[in-house]
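Here the structure is laid out as structure tokens; the discussion comes afterwards.
Keep in mind that the numbers below use all heavy atoms, side chains included, and drop hydrogens, waters and symmetry copies. We count residues from 1, following the sequence as given.
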Amino acid sequence: MEEFNQPGLPESWRKMDINLLMLVDKMRHRSGIPYKITSAYRSAEYNATLKNSSKNSAHILGKAVDISAPDSKTKYLIIEAAIHFGIERIGIASNFIHIDIQEETEKPTKVIWTY
């Protein structure tokens with residue numbers, strides 16, 4: 001579970017939404033590839049230090065993860081699994097895929113964006 005920790009903040013994975021953790025596990029199995037989590041839980045203070053991070057990031061709520069995706073095949077497998085399991089918020093960057101489970105009342109759903 002340490003892969004979901006904020007750097008320098010042991011046990012912060014405990015602030016992750018359990019439903020998201022279960023979805024990521026299911027996605028890993030469906031994709032058939034290892035996932036390297038590059039960002040998960042973030043405190044508001046840590047999040048504020050990151051360039052281009054949103055003030056109301058789903059990471060602060062423990063409802064988002066960024067998964068390393070260095071090539072197009074990896075991106076496809078992650079996105080396909082996310083959609084299969086009902087993830088409705090997906091961000092595509094050059095080297096990672098962001099998924100989050102913030103609800104429609106918090107942020108728009110059924111969206112895909114690029115960084």
**Study point:** Between CG on residue Asn52 and CG on residue Leu50, distance to nearest 0.5 Å
**Key:** 9.5 Å

Exercise for review: Check whether any side-chain heavy atom of Tyr41 lies under 4.5 Å from a side-chain heavy atom of Val65, and answer yes or no.
Suggested key: no

Point to revise | Over all atoms of both residues, closest heavy-atom pair of Ser54 and Lys107 | key: OG-NZ, 4.3 Å

**Study point:** Stepwise side-chain contact (heavy atoms from CB on, under 4.5 Å) check, Ser53 with Arg42
**Key:** CA-CA 11 Å; Ser53 64; Arg42 300 177 191 160; 3.9 Å; yes

**Study point:** Lys36/Ile67 under side-chain contact (heavy atoms from CB on, under 4.5 Å): CA gap, chis, key distance, verdict
**Key:** CA-CA 6 Å; Lys36 179 181 177 189; Ile67 305 164; 6.0 Å; no

**Study point:** Enclosure of Phe85 CZ (heavy-atom neighbours >12, cutoff 6.0 Å)
**Key:** yes

Practice item. Determine whether Ile83 and Ile87 fall in the same hydrophobic cluster, where Ile, Leu, Val, Met, Phe, Trp and Tyr are linked whenever their side-chain heavy atoms lie under 4.5 Å apart. Key: yes

Check your understanding: Which heavy atom in Ala40 sits nearest to a heavy atom in Met16, and how many Å separate them?
Key -> CB-SD, 3.9 Å

Review point. Does the pair Asp100 and Lys63 meet the rule for a salt bridge (charged side-chain N to carboxylate O under 4.0 Å, His left out), with working shown?
Key: CA-CA 5 Å; Asp100 74 57; Lys63 292 185 175 189; over 6 Å; no

Revision key, fill the gap. Note: Lys75 and Ser94 closest approach over all heavy atoms is NZ-O, 2.9 Å

Check your understanding: What is the distance from atom CG of Asn47 to atom CG of Asn56, rounded to the nearest 0.5 Å?
Key -> 9.0 Å

**Study point:** Polar side chain donor-acceptor pair, Tyr35 to Ser31, under 3.5 angstrom
**Key:** yes

Point to revise | Phe96 and Tyr115 aromatic ring geometry - parallel, tilted or perpendicular at 30°/60° bounds | key: tilted

Check your understanding: Could you give the distance from CD1 (Ile33) to NE2 (His29), rounded to the nearest 0.5 Å?
Key -> 13.0 Å

Review point. Is Tyr76 linked to Trp113 within one hydrophobic cluster, defined over Ile, Leu, Val, Met, Phe, Trp and Tyr using a side-chain heavy-atom separation of less than 4.5 Å?
Key: no

**Study point:** hydrophobic_cluster_shared for Val24 and Ile92, side chain cutoff 4.5 Å
**Key:** yes

Review point. Is the side chain of Arg89 donor-acceptor paired with the backbone N or O of Ile112 at a distance under 3.5 Å, no angle test?
Key: no

Point to revise | Heavy-atom side-chain proximity of Lys15 to Trp13 below 4.5 angstrom | key: no

Review point. Taking the side chain from Asn5 and the backbone from Pro7, do they hold a donor-acceptor pair closer than 3.5 Å?
Key: no

Review point. How far apart are the closest heavy atoms of Leu20 and Ala64, and which atoms are they?
Key: CD2-N, 3.3 Å

**Study point:** Ala82 versus Ile99, closest heavy-atom pair with distance
**Key:** CB-CG2, 4.1 Å

Exercise for review: Give a yes or no on whether a salt bridge exists between Arg28 and Glu3, defined as a side-chain N under 4.0 angstrom from a carboxylate O.
Suggested key: yes

Point to revise | Side chain proximity check, Ile37 to Asp66, heavy atoms < 4.5 angstrom | key: no

**Study point:** Worked check of side-chain contact (heavy atoms from CB on, under 4.5 Å) between Leu23 and Ile101
**Key:** CA-CA 10 Å; Leu23 283 169; Ile101 59 167; 4.0 Å; yes

**Study point:** Worked verdict on Leu21 versus Phe4 for side-chain contact (heavy atoms from CB on, under 4.5 Å)
**Key:** CA-CA 9 Å; Leu21 295 177; Phe4 297 98; 3.7 Å; yes

Study note, to complete from the structure: Heavy-atom closest pair (Ile78 atom, Ala69 atom, distance to 0.1 Å) is CD1-CB, 4.0 Å

Revision key, fill the gap. From the list Ser12, Ser43, Ser39, side-chain hydrogen bond (donor to acceptor under 3.5 Å, both in side chains) with Gln6 holds only for Ser43

Check your understanding: Hey, any chance Ile90 and Leu77 share a hydrophobic cluster, counting ILVMFWY side chains that come within less than 4.5 Å of each other, even indirectly?
Key -> yes

Review point. Should Met1 and Met27 be regarded as members of a common hydrophobic cluster, given that ILVMFWY residues are connected when their side-chain heavy atoms come within less than 4.5 Å of each other, either directly or indirectly?
Key: yes

